[in-house]
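What follows is a single structure, written as structure tokens, with notes after it.
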Amino acid sequence: MSSGGGGAKRKQKHEEHEEHANHERWLVSYADMMTLLFVLFVVLFAMSSVDQKKFAELAAGLSAGFGADSVAFTGQSAPLDGAANTAQIVQIDPGSNPGDGTSGTQGLNQEQKEAVERALLAEDRKEASANAEKAAEEAEDLKAIERRIADALSAQKLLNSAKFTIDQRGLVVTIVTNDVVFAGNRAELQSGGKKILNAIAPTLATLPNSIEVDGHTNQLRAKTTYYPSGWELSAARASTTVRFFTEHGIPKKRLSAVGFSDTKPLIDPKDPRSITMNRRVDVVVLTQLSAEQAALLPAAAGADGKLHTGETTAAAKAAAAAKAATKTTTTTHD
């Protein structure tokens, strides 16, 4: 009996601590959702309150930055002020008056157009004058190189073994490849050829210019004996010359070899001299001028733009002295 009474008391105590179901838990989620909605509405309200004065100042700043009338954005109302968005994109014109919807001299009066044309012509003349001055200076420098090479050849009594020209590429030293330089149909240098190149190489080694060696054959239709065609023969002779220069102090990176076969005759193939003159190697001291300036080199070189025998330093001084004497005599008689 006593044990049964104790069990009833423990059951009564357990029932006093049993949790009961909470039917108001949804209020927590509801309160969180209401808080988030409140924050969202506050943010939207803050974004809709655009200061139109500041926006106008921003538009004015952009206008000043892109040019007086060539604004990238125009408009007086903010995108979120409740009114229609009147902002529009205007194309920025790269012409003389960008942003006004015109191009070039469109919109200018006749006097303004003439002023623009005069300014452009003056700029063109200034650039052309600068290019001509550069070409004249380069022609003088190339002529000085010619004199140094001519001095070396003259010292070896080989001055007549080479001819000189100044064209748009630079200074061209033409070596006629007769049997003294290369044997017939062969690309191995003869002792005479080595002597000529040995006189030229020291001057070329001191220059900053790149050197191009062009091989040429004459226009005879005779078949080449040791090479498939004149292309291979002319290229082999140019390569032999380049190899000689690399062995005599000229860096490889400054040298190049090209074979032209019979495509670039020095003189008219109908001329009887063409059989020997067109069979040649050209050593070209390449100019460092721009293409526009280099195009003026033949004109700047004057008579040196045509094929001629090299002028030594002594010959140049004698010519200058004779010219000065002639000028003095003329002045006295005046």
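The analysis underlying the following values was restricted to heavy atoms, covering all of them including side chains, and did not include hydrogens, waters or symmetry mates.
In this structure, CD in E140 is found 8.5 Å from CG in D304, a value given to the nearest 0.5 Å. Of the inter-residue distances, the one linking K195 atom NZ with Q156 atom CD reads 6.0 Å to the nearest 0.5 angstrom. Separation of atoms CG (L307) and CD1 (I267) is listed at 9.0 Å; rounding is to 0.5 Å. Rounding to the nearest 0.5 Å places OG1 of T165 at 7.0 Å from CG of L266. How far CD1 of I275 is from CZ of R273: 12.0 Å, rounded to the nearest 0.5 Å. Between the OG atom in S29 and the CE atom in M33 there is a gap of 9.0 Å [rounded to 0.5 Å].
Around CD of E127, the count of heavy atoms belonging to other residues, nucleotides or ligands within 6.0 Å does not exceed 12. At most 12 heavy atoms of other shown residues, nucleotides or ligands fall within 6.0 angstrom of atom CD in E111.
Cluster membership check: F244 shares its hydrophobic cluster with I196, using side-chain heavy-atom separations under 4.5 Å among Ile, Leu, Val, Met, Phe, Trp and Tyr. Cluster annotation: L296 is not connected to V284 through the hydrophobic network of ILVMFWY side chains, with a link wherever side-chain heavy atoms come within less than 4.5 Å. Both I149 and L255 belong to a single network of hydrophobic side chains, linked directly or stepwise wherever heavy atoms of I, L, V, M, F, W or Y lie under 4.5 Å apart. Both L207 and V213 are part of a single hydrophobic cluster, where members link through side-chain heavy atoms under 4.5 Å apart. Hydrophobic clustering, with ILVMFWY side chains joined whenever heavy atoms are under 4.5 angstrom apart, groups L158 together with L171.
Checking side-chain atoms of R237 against main-chain N and O of R186 turns up a donor-acceptor pair under 3.5 Å. Judged by distance alone, with hydrogens and angles left aside, the side-chain atoms of D167 form no donor-acceptor pair with the main-chain N or O of L297 at under 3.5 Å. Of the possible polar contacts, none joining the S154 side chain to the A150 backbone as a donor-acceptor pair under 3.5 Å is found. The closest donor-acceptor contact from the side chain of T224 to the backbone of Y227 lies under 3.5 Å. Listed for the R125 side chain is no donor-acceptor partner under 3.5 Å among the backbone atoms of L120. Between the side chain of T240 and the main chain of A187, a donor-acceptor pair closer than 3.5 Å is present. When atom types are taken as modelled, the side chain of H216 and the backbone of V281 share no donor-acceptor pair closer than 3.5 angstrom. Put simply, the side chain of E232 gets close to the backbone of S229: a donor and an acceptor are under 3.5 Å apart. Side-chain atoms of N278 do not come within 3.5 Å of backbone N or O of N218 as any donor-acceptor pair.
A152 and A199 make their closest contact through CB-O, 3.3 Å (heavy atoms, listed as atom of the first residue, atom of the second, distance). Considering all non-hydrogen atoms of both residues, A162 and V173 come closest at CB-CG1, 4.1 Å. Here the closest heavy-atom approach between residue A238 and residue G215 is recorded as CB-N, 3.7 Å. Annotation for D262 and P265: closest pair O-CD, 4.0 Å, computed over non-hydrogen atoms. Across all their heavy atoms, E311 and E146 have their closest contact at N-OE2, 3.0 Å. Closest approach of S261 to S234, counting heavy atoms only: N-OG, 3.0 Å.
Ion pairing of E123 with K126 is absent here, as no side-chain N (NZ or NE/NH1/NH2) approaches a carboxylate O to less than 4.0 Å. The existence of a salt bridge linking R280 and D282 is confirmed by a sub-4.0 Å separation between a basic side-chain nitrogen and an acidic carboxylate oxygen.
When each of R169, Q168, K134, E138 is tested with T287 by the rule side chain to side chain donor-acceptor pair (under 3.5 Å), just one qualifies, namely E138. The side chain to side chain contact (heavy atoms under 4.5 Å, CB included) test with R148 singles out one residue from T312, L204, T203, and that residue is T203.
Between Q190 and K194, the closest side-chain pair of non-hydrogen atoms is not below 4.5 Å. Side-chain atoms of N209 and Q288, non-hydrogen and from C-beta on, do get closer than 4.5 Å to each other. W231 places a side-chain heavy atom less than 4.5 Å from the side chain of T263. Counting heavy atoms from C-beta on, the side chains of L189 and V181 come closer than 4.5 Å. A heavy-atom distance below 4.5 Å is not found between the side chains of T309 and F164. Taking the side chain as every heavy atom from C-beta outward, L36 and V39 never approach each other to under 4.5 Å. Under the 4.5 Å side-chain criterion, counting only non-hydrogen atoms from C-beta, I211 is in contact with R254.
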Task: Evaluation steps, side chain to side chain contact (heavy atoms under 4.5 Å, CB included), between Y226 and L233 - done: CA-CA 8 Å; Y226 304 104; L233 176 60; over 6 Å; no
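Donor-acceptor pairing under 3.5 Å is recorded for the side chains of N131 and Q293. Residues T313 and D151 bring a donor and an acceptor atom of their side chains to less than 3.5 Å of each other.
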